[in-house]
Each structure stands twice: as structure tokens, then as C-alpha cells.
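It should be emphasised that the depicted structure is a prediction, and the values quoted were computed from it without experimental measurement. Counting starts at 1 for both ligands and their atoms, following the listed order.
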Amino acid sequence: MVDINGKTRLIGLIGNPVEHTLSPVIHNGISKGLGVNSVYVPFKVESEGLADAVKGAYELNVLGMNVTVPHKNRVMESLLEIDEAAKQIGAVNTLVRMDGGYKGYNTDMLGLSRQIKEDGISLEGETVVILGAGGAAKAVVYMCLTEGAGKVYLLNRTFEKAEVIAKDMNTLQMGTVIVPMALEDYRQINEERLIVFQATSIGLAPHVEDVVLSDKEFYKKVKIGVDLIYNPANTRFMQLVTEAGGKAYNALKMLLYQGVIAYELWHDIHVPQDIVNDIYVELKRNVYPKDNIVLIGFMGSGKTTFGKALAEKQNMNFLDTDAFIEEQAGKPIAKIFEEDGEDYFRKLETEVLTRLRDTVTNTVFSTGGGMPLRTSNARLLKEIGRVYYLTAANQVIYERVKEDSNRPLLQCENPYERICMLMKERAPLYERAADVLVDTNSTDIEEVCGKIMEDYGTQHGNRVK
Ligand code: ATR
């Protein structure tokens, strides 16, 4: 969070409930990353107070607002202007400050559009199927129109709702044909290589086994499936798509980009991709939390000693990433470098980390000293677990490793100087990769493990024994 001072601008969220929103992770994360002096706060607003809240926000010089359930439609009555797309969709999720009031936008649709582009999906001329005909589905229909889809089948349990949307949108005559259909009639779709958007609430955690359409025959015709749900990460709908040979995506990036686009509108800036990627990691960590502990730091900082002790105390497993990579490759890391080259090693490292992220729980990771230096690896480590940077004075590190002849980096005339030089380069990168810094100048295991466990306990309340 930035320091709050006289110049701090307020941005926020109007909704009810708002307690579980992830938007502060996005907006405060971007402000922090860019050094922008604005703070994002959720506001719980009752329906009766909505108009007053918007007016009050304007009078309080609030820079911009997100709007969520149940106010996305009704808020339009309180706005100075409404962007054309938001008007057609009938829902506003972002208020942008203008002279005299706010202008409403729908960045949900824009966010989904940016997500599919990033994933290389084009709707141009395609046959699209949308499952559902609620508010979310309507935004997807409008996106299909703006992106030039050929034909859209709008399938819904309640046919009349699909019919109303189709009629509305067909009058816009943007070149896409919208065909409303009762869900049970899905067999009437003859086209193949469909792009399907799952826009119902079916399959949301904790009802992870539910799916609105379960016929495997249907999924054989699907080349791409996008679920507007992001929790669970891999819904039953997505599983059916991939099992039938298609590609499936959830909507966590839509959540990310609807926020990024709102932020860009409020601050009139472009958020660089580097920061967007960092925020995406933070979102994943919030939505799909992992219970692992990751130790990073220079050689001799105690990753193995403290890591093993910690695993034992916590009743967790211990995994040394270098040893794991050597096991996978069937040869020592030095040999991988020698025989296959550094590029190959880096690729292997990233592959291994991705696999570990997706499979390993309840584990203390001790990582290679060079591993977190690459940004992509640093991001993966944060997705794997909470990251602790074990720090020690250069002199202490030197004392710990000077007798060890297995450290090729230190096979030189003046190893102490080498340590100082490397640490100067590496310390800022380790700090950036870490959630918490832990001083290990003391070799007291109880003390060092105690510091880590204290922090880890605050994150995983009931896990510390
Ligand atoms: P949102 O604004 O998020 O789209 P919504 O407007 O409540 O939410 O829409 C929910 C969608 O999920 C609707 O298309 C709804 O179908 P109906 O219009 O027939 O209600 C669909 N949906 C909800 N429960 C369903 C179920 N058990 N089977 C099939 N569709 C369901």
C-alpha cells in the first residue's frame, strides 16, 4: 500500500456484499507497482442508498468506482453518461469521474475480450455457443457482436430469457446472427468446431461436479470452451471440453483484465504487462491458495538446514528443487549445463516448477540459489507457496561455505569478494521474489524456524502445530 497523504486519491467498490472482493488485490497492487498515490476500498451500499452513494462519492472527489451485484443495472440512473457498450449490455461495472458526475463503462466485457485475445482466440466469423442468458451471458453476446462472430447460439434453461436478449441484440444489426434456443435442444446445433462460453452459475465452488450440459457428444464439437467461472480453476465444463480434445479456459484473466482496464480508465495510463503479470500471480494465490513454504536465498543461507528442521516441526515434506531437477534429468546440474546448455536448464527449471506448483502440497521447498533470479521462476515460486528469503551477512555466508569444495561459483581466488559481488546483484532480486525476509545470522534452529512459523501461522491459521 502507498503512504496515505494529502494527495491520495480514493478509488473503490460499491456493492452488497463486498467482503469477499478480490478487487483490492488488483488495484492496490497496481498502485503499489506503479507508485501511484491512490487507494482502493470496498463500500457496502444498500439498494436504497445507491443514488446517494454515487452522489456522495462524487462530492468526496472519489476518482472512480467499481460497481458489483446487485447494483450494476440500477446505478445507470445515477450517471452523467454511459458508454455505448455498457448501455447495450444493460450493466455498468465501472464509474469514471468526469466534470459534474461519472461515466459508466462495462469492463467485464472488455476484460473477457482482452483475455481471449491474449489466449489467441478470435471470434471473427466463428460459430459461438453461449450457455445461459443472464447478465453475464448478455455481455458475452455483445462481445461476440463487436468481435464479428458469424453466428451465436444462445442456450438457456428458460427459453424466453434467451429470446429477449436475442431480439434486443439482433436489432443492432451488427452482422452476427443470434439464435435463441432452449437448453434441451442443443442437439439441433449442426455446426462443428464451436467456441463455447459457459455463462451460468453452475459449477461454482463448492458445487464443483455440476455442469449445465453433460452430454459428451456435444463436447466432441467444441474446439474452445471458456468458463466465466474462475473458482474452481478447472470446472467440470472445462474438464468435459479437454476430455473431448478441445482447449479450455477459466475466467481468472477476465477478472484480472476487467480490473486493469478500469484502473487504466481512472488513471488515464497504461498498466505495463510486467505489473499485470505480478497481479495475476497475486490473484491466483488468493483464489487458489497453496500451503507450501518456499525458502530462497544465497548458498549458505541455511535453506537446507532450516528447511529440513521446519518440515519436521511442521509435519511437512521437504523438497530440494536442485536435487529434484537432477533426479528428473538423470544427471548433476553441472553436467546439464555442460552437455545441454543453460537455455535447456532454464527451460527444465520452469517446467519442473510448473509441475510442482500443480501437484505438491504440504511441503517445505529449498530452492537453488539462482532459481528466483529469473522473474518467471520468481512468479512460479510465489504460486507454489509463501516465499521466505533467508538473509545472512556476507561474512557469515563466507564462514559457512568456505570449507565446501562443491561450490563451483566460489572456486576462485577471493571467494569472499565473489560473495559480496554476487550478493550485491542478487539481494534486490531475492527481496523482490520474497514475501518475508528472515534473518539467519543466528544459527539457532528454534529461533529461525520460530520466525517462519509465526508468519506462516498468521497466513494458515490452523496449520501450525
Ligand atoms: P449472471 O448475472 O451472473 O449471469 P443470472 O442473471 O442470475 O446471473 O443468470 C444465471 C444463469 O444461469 C441463467 O441463464 C440461468 O438460467 P435461467 O434463466 O433459466 O434461470 C442459469 N442457471 C441457473 N441455474 C441453472 C440450472 N440449474 N440449470 C440451468 N441453468 C441454470
Side-chain angles (χ1 to χ4, degrees), residues 13-18 20-23 47 50 66-76 85-94 104-113 115 128-145 152-169 178-189 196-215 218-219 222 225-232 235-238 240-241 249-255 257-259 287:
L13 168 70
I14 293 178
N16 189 8
V18 291
H20 301 293
T21 178
L22 289 163
S23 291
S47 295
L50 179 60
N66 279 137
V67 182
T68 189
V69 180
H71 304 317
K72 286 188 183 183
N73 307 95
R74 280 254 340 272
V75 77
M76 295 199 282
K87 213 183 278 173
Q88 297 302 341
I89 294 165
V92 158
N93 81 319
T94 300
Y105 290 84
N106 188 310
T107 70
D108 289 328
M109 184 209 80
L110 299 169
L112 181 60
S113 172
Q115 151 163 1
V128 175
V129 175
I130 299 171
L131 303 173
K138 198 168 178 191
V140 181
V141 175
Y142 191 79
M143 178 183 75
C144 291
L145 299 188
V152 175
Y153 289 100
L154 186 58
L155 269 63
N156 200 39
R157 175 180 62 178
T158 314
F159 173 70
E160 292 72 22
K161 274 163 92 180
E163 208 178 15
V164 170
I165 295 179
K167 208 166 152 227
D168 247 28
M169 296 284 180
I178 301 154
V179 182
M181 196 178 264
L183 187 59
E184 67 216 33
D185 292 336
Y186 67 89
R187 288 186 200 82
Q188 292 177 13
I189 299 173
V196 183
F197 290 91
Q198 198 302 109
T200 76
S201 45
I202 307 298
L204 258 177
H207 307 288
V208 298
E209 288 304 319
D210 292 355
V211 62
V212 70
L213 231 177
S214 57
D215 184 354
F218 170 77
Y219 289 93
V222 178
V226 182
D227 202 324
L228 267 65
I229 290 172
Y230 56 80
N231 193 12
T235 61
R236 186 77 197 111
F237 166 79
M238 290 167 63
L240 284 162
V241 170
Y249 303 86
N250 68 32
L252 193 65
K253 274 194 192 160
M254 173 184 177
L255 175 74
Y257 282 125
Q258 64 74 32
V287 186

Colleague: For ligand 1, which of its N or O atoms have a protein N or O partner closer than 3.5 Å, and how long is each gap?
Modeller:
{"residue": "ligand 1", "atom": "2 (O)", "partner": "G135", "partner atom": "N", "Å": "3.2"}
{"residue": "ligand 1", "atom": "4 (O)", "partner": "G135", "partner atom": "N", "Å": "3.1"}
{"residue": "ligand 1", "atom": "4 (O)", "partner": "A136", "partner atom": "N", "Å": "3.0"}
{"residue": "ligand 1", "atom": "6 (O)", "partner": "G135", "partner atom": "N", "Å": "3.3"}
{"residue": "ligand 1", "atom": "14 (O)", "partner": "A133", "partner atom": "N", "Å": "2.8"}
{"residue": "ligand 1", "atom": "14 (O)", "partner": "N156", "partner atom": "OD1", "Å": "2.7"}
{"residue": "ligand 1", "atom": "16 (O)", "partner": "N156", "partner atom": "OD1", "Å": "3.2"}
{"residue": "ligand 1", "atom": "18 (O)", "partner": "N156", "partner atom": "ND2", "Å": "2.8"}
{"residue": "ligand 1", "atom": "18 (O)", "partner": "K161", "partner atom": "NZ", "Å": "2.8"}
{"residue": "ligand 1", "atom": "19 (O)", "partner": "R157", "partner atom": "NE", "Å": "3.0"}
{"residue": "ligand 1", "atom": "19 (O)", "partner": "T158", "partner atom": "N", "Å": "3.0"}
{"residue": "ligand 1", "atom": "19 (O)", "partner": "T158", "partner atom": "OG1", "Å": "2.4"}
{"residue": "ligand 1", "atom": "20 (O)", "partner": "R157", "partner atom": "NH2", "Å": "2.8"}
{"residue": "ligand 1", "atom": "27 (N)", "partner": "R157", "partner atom": "NH1", "Å": "3.2"}

Colleague: Mind listing the closest non-hydrogen atom pair of N73 and G90 along with its distance?
Modeller: ND2-O, 2.5 Å
Colleague: Check side-chain contact (heavy atoms from CB on, under 4.5 Å) between A162 and all other residues, then give those that pass, not counting sequence neighbours.
Modeller: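 So A162 forms a side-chain contact (heavy atoms from CB on, under 4.5 Å) with A133, L154, N156, P180.
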Colleague: Sequence neighbours left out, what passes salt bridge (charged side-chain N to carboxylate O under 4.0 Å, His left out) with D185? Give chain and number order.
Modeller: none
Colleague: For Y153, give me all partners under side chain to side chain donor-acceptor pair (under 3.5 Å), at least two apart in sequence or on another chain.
Modeller: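 Here the qualifying residues are K151, E191.
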Colleague: Ignoring hydrogens, what is the shortest heavy-atom contact between T200 and I229? Give both atom names and the distance.
Modeller: O-CD1, 4.0 Å
Colleague: Taking T235 for its side chain and M238 for its backbone only, find out whether a donor-acceptor pair lies under 3.5 Å.
Modeller: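 Yes: the side chain of T235 pairs with the backbone of M238.
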